[in-house]
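Read the numbers this way: they start at 1 and go in the same order the structure lists the ligands and their atoms.
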Amino acid sequence: MSTTARAASAPPPLPAPRDPKLRRLANALRALAMDAVEQAKSGHPGMPMGMADAATVLFTQFLRFDPQMPDWPDRDRFVLSAGHGSMLLYALLHLTGYADMTLDELKRFRQFGSRTAGHPERGHASGIETTTGPLGQGLGNSVGMAIAERLLAAEFGKEIVDHRIYVIASDGDLMEGVSHEAASLAGHLGLNKLIVLYDDNSVSIDGPTELAFSDDPLLRFRAYGWAAERIDGHDHEAVAEAIRHAQRSDRPSLIACRTTIAFGAPTKAGTAAAHGAPLGAAEIAGARERLGWNEPPFAIPEDIRVAWRAAGVRGQAVRRAWDARLESLPAECRAEFLRRQRNELPPGLDAAIAKLCEDFRQANAKLATRQASGTVLDMLTRVVPELVGGSADLTPSNNTKAKEQKDVRLGDFSGHYIRYGVREHGMAAAMNGIAVHRGLIPYGGTFLTFSDYARPSIRLAAFMGAGVIYVMTHDSIGLGEDGPTHQPVEHLAALRAMPGLYVYRPADAVETAECWALSLRRRDAPSLLALTRQALPLLRGEPPTENRSAHGAYVLAEADGPRQVTLLATGSEVSIAMAAREALGQDGIRAAVVSMPCWELFEEAPKEYRDAVLGSAPRVAVEAAVQFGWERWLGPRGTFIGMTGFGASAPVEALYPHFGITPERVAEAARSLL
Ligand SMILES: Cc1ncc(C[n+]2csc(CCOP(=O)(O)OP(=O)(O)O)c2C)c(N)n1
């Protein structure tokens, strides 16, 4: 190529930065991202290179954090919602001095067993506040974190709780529906501690975003009740001024940072080619030259390393001052704050649950399990003050609001009940944020069918071990007249298929209380309570015992003599199995009934226990849902009674007989196995 031709195709020089030192700090992030992606032969260099300037301003001038105490409760939270740009976060954690994010970890980006997974995974390294990658989720989580901050500040005072939630989000984040729900809720509640830096680079995987995206996010967010402005994301002072402005706002803030994806790369900058593939040796060499970065791969000049470390110690004095304020809190208040941080439940929970079970027995409570759950919550919210409830606009149906709970409102965060609106996905994403923030235990309700609308966030809760509790009512055709659109049939199977999620389907009021206790105790995984709309008889009339649901399954009624058949059931179908047992008994057939409120717990039980419960007699399982998954419990000769397709719109009394989920059918199936 002639010199003239090269000159003609050479990219224009980079605009001179207003602050050369900050540009060099940002270039360290760029270089680490380029080098790590290149070494891994996989990853996303474009976004870290584009947002390096804005992230540098945030981390060196604003974010309050202390790498020596990564879990300092009053730290600002930083959420990289655009999780594909994970190298940006890893480089920031490394350079600011998080001990577990070593240079070696950066060199092992995306390799098995490294802390530097493809997308940031909470628990892999300190400083990763939440797991991101599925776009939109981080933004949804950040809304929950911002709610948690306000609630805890209202409870413990702003001396102890006064932090901000900063987010980096991309075009993809803003396109995803969950972010719309979350942003709308944040605007409604006026969550002004939430500041989103939007990587407004107009590029996504398919090419320029104009291929698919022509709404104006600024107008949209303003309509949600946010403050929104657009700045040059490579102008450090503009970024700083926008953040200062956002910090003073009485609303959540969106700062659209106009950036160039892969800023500095000679031919790929500004194009989709830089989004999700290594840049290649020639492009990296060109980027180094244009950026004036002459270091070998993974090398950081001493002055830059020192400057980044200084950013990492900036928060120490603030944190120490906070420690002192915590010390000077009244002892009881301090103990309560710290208990919550340890994720430790208050004393008195077991006694309260036991008393409630006794009350249910005394009253022979014939209740829908959703109603029993409501009664449980009336008690629990008194004993466990960190519970924060809510529903996606189904409060009276989900029975999620306890008598003493007050609504959370714009300007008044003294209540602990959130009106999430008709936003199941936003609710579930926000609950993840509340859970990982610490200090509060979120639960929220909708109909079980609409667990599908929340599923991507439920999956992330399961994946990162967030102790969220889902109250999902109307759990079968038993809901009746609303019909098949609302009647879940495959949902239990789908939810049970999800690793790390505990699915409970209690059979009566006592089991409901037991399952609530188990859900609360499990602080390192989500729990889902599938509850009925229809009333169920009390089955656990026996004198107080241990929490029998804790075994996942147990023999509710043993056969009168050696077992000839074992009837397995969950939830509303346990009483059907009990009636079948009785009918069989009249024919001299000895049947046992096993209630199985939680498969996952039963799977964890010792094999001998499981064998003893299941017995060696043939089995019939009954559940008003599809069979998928039941094979594992049926044994070689088992039969399943349940749904084979969608339900129908009719009163519940007509539906169970229509779909053949009756004591007679169960008894008949049992007889045919003998
Ligand atoms: C829910 C979800 N859908 C799809 C993807 C795959 N994906 C990763 S990044 C991306 C879009 C990239 O565009 P943008 O968000 O603008 O990021 P940038 O190109 O600026 O890095 C997509 C579709 C994903 N991570 N999450």
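Checked against side-chain contact (heavy atoms from CB on, under 4.5 Å), A256 has the following partners two or more places apart in sequence or in another chain: Y198, D200, L218, R230. Applying the side-chain contact (heavy atoms from CB on, under 4.5 Å) criterion to E289, with sequence neighbours excluded, gives no partner residue.
Between H437 and H163, the two ring planes are parallel [angle under 30°; tilted spans 30° to 60°]. Between H44 and H275, the angle of the ring planes goes over 60°, which puts this pair in the perpendicular group of the 30/60° scheme.
With contacts defined as side-chain heavy-atom distances shorter than 4.5 Å, the pair R455/L495 qualifies.
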Listed pairs under 3.5 Å, donor-acceptor, residues 49-56 side chains, sequence neighbours left out:
unit_1	atom_1	unit_2	atom_2	d
D53	OD1	R23	NE	3.2
D53	OD1	H236	NE2	2.8
D53	OD2	R30	NH2	2.6
D53	OD2	H234	ND1	2.9
T56	OG1	A52	O	2.6

Please tabulate, one line per pair, the protein N or O atoms found under 3.5 Å from any N or O atom of ligand 1, giving the distance to one decimal.
unit_1	atom_1	unit_2	atom_2	d
ligand 1	15 (O)	S170	OG	2.6
ligand 1	15 (O)	G172	N	2.7
ligand 1	16 (O)	D171	OD2	3.2
ligand 1	16 (O)	V203	O	2.8
ligand 1	17 (O)	H84	NE2	3.2
ligand 1	19 (O)	V203	O	3.2
ligand 1	19 (O)	H275	ND1	2.8
ligand 1	20 (O)	N201	OD1	3.3
ligand 1	20 (O)	N201	ND2	2.6
ligand 1	20 (O)	V203	O	3.4
ligand 1	21 (O)	H84	NE2	2.7
ligand 1	21 (O)	H275	ND1	3.2
ligand 1	25 (N)	G133	O	2.9
ligand 1	26 (N)	L135	N	3.0

